[in-house]
Amino acid sequence: MKSFDALLNKIEEYQTIIILRHIHPDYDALGAQYGLARWLQRRYPQKRIVASGHEPSIAPSFLPNPEEISLEDCVNALAIAVDTSNYSRIDGKDIWDTCKERMFFDHHVKGDSLTEYEYVDEHTASCSEIITDFIRTFEKEPVALEVAEPLYCGIISDSIRFSINTTTAYTLKMASYLLESQLDINKLNNQVFSMSVNLYRFSNHLREIANYDTKGFVYAIINKEDYVPYHVEAGPAKAKVNVFGEIRGIQTWAVFIEEEDGVYSASLRSHSMTISDIANQFGGGGHLCASGISKLSRSQCDEVIELLKQRVLG
Ligand code: AMP
């Protein structure tokens, strides 16, 4: 792992710096991407700093969609990927591949060793707090509001408002530093956690279709007919997995959502029990207590459910 000084020195070598995030970006990916991009734009107004990628940002979002950049302009550029250190999860692999050098900032279990310029700490709650720490190392004064806001949103999103075990004194210290920029906490919490009436009504439906048969374990299979009538997309519908974490005595919970016909994505969660190894068995990954799996068949969903059930029953 490189020091922040070594990483900033590398950034300073480049005239064009392209910041990428992971596929299906969440608020932590976007917060880290725009927080870093805006801070670099302000610090180095003579450089070209581009927050790029191909997928749209979360809709509706208070953050812009990524800026397109031609591959020609990437040839002499530095690429920085945030919130992933796993090549297969980068949104904009063509950009990443074309750039002259590459850098990672991430808080997942370390992925591919693709560059020596990386800062990966799986013990932090969010990538946004790593970017905050990076910025804070070189800033004497509070950062501009447009820098602090996305970073704070990333932190509260991945730590679920400082409520899950990954939250540490470091998380709160970084949030405290951002608060010096006069953030409107209430506004930012609403931006990240409020939802459309449709999504709210879908989350009630989700509670109804879940299976509560095993003590300490809840899961739901969400087929297209469960979410399409509510006019919600698969991504936000799957993110409602968090509703089950509120159940007293729950240890592990999961949702499986049908994306294409017969192909499911899963979100697995627990309060403290490791479940990432189960995700790994099916080609997924993430954090010890919050993992995802893509491209599961319906029968593989049943296999994952059985493994989670056995883990809870001990
Ligand atoms: P999700 O359940 O989609 O919110 O993902 C939980 C965590 O696992 C996030 O940190 C994701 O970045 C990560 N993740 C999700 N899907 C995958 C996957 N297929 N492979 C590796 N990591 C994943």
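Sequential numbering from 1 along the given sequence is applied to the chain's residues. Every number for a ligand or one of its atoms is a count from 1 in the order of the listing.
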**Asked** Tyr212 vs Phe244 aromatic rings, parallel, tilted or perpendicular, using cut-offs 30° and 60°?
**Response** perpendicular

Enumerate the salt bridge (charged side-chain N to carboxylate O under 4.0 Å, His left out) contacts for [range], please, sequence neighbours excluded, ordered by first and then second residue.
range	answer
residues 157-179	none
residues 36-50	Arg42-Glu146, Arg48-Asp73
residues 302-314	Asp277-Arg311, Arg298-Asp302

**Message:** Give the residues near ligand 1 by chain and number, with the criterion being a heavy-atom distance under 4.0 Å.
**Reply:** Arg89, His108, Lys238, Ser267, Arg269, Gly284, Gly285, Gly286, His287, Ala290, Ser291, Gly292, Ser294

**Prompt:** Does CD in Glu225 sit with more than 12 non-hydrogen atoms of other residues, nucleotides or ligands closer than 6.0 Å?
**Reply:** yes

**Item:** Positive for side-chain contact (heavy atoms from CB on, under 4.5 Å) with Ser291, one of Val109, Thr274, Ile275
**Value:** Ile275

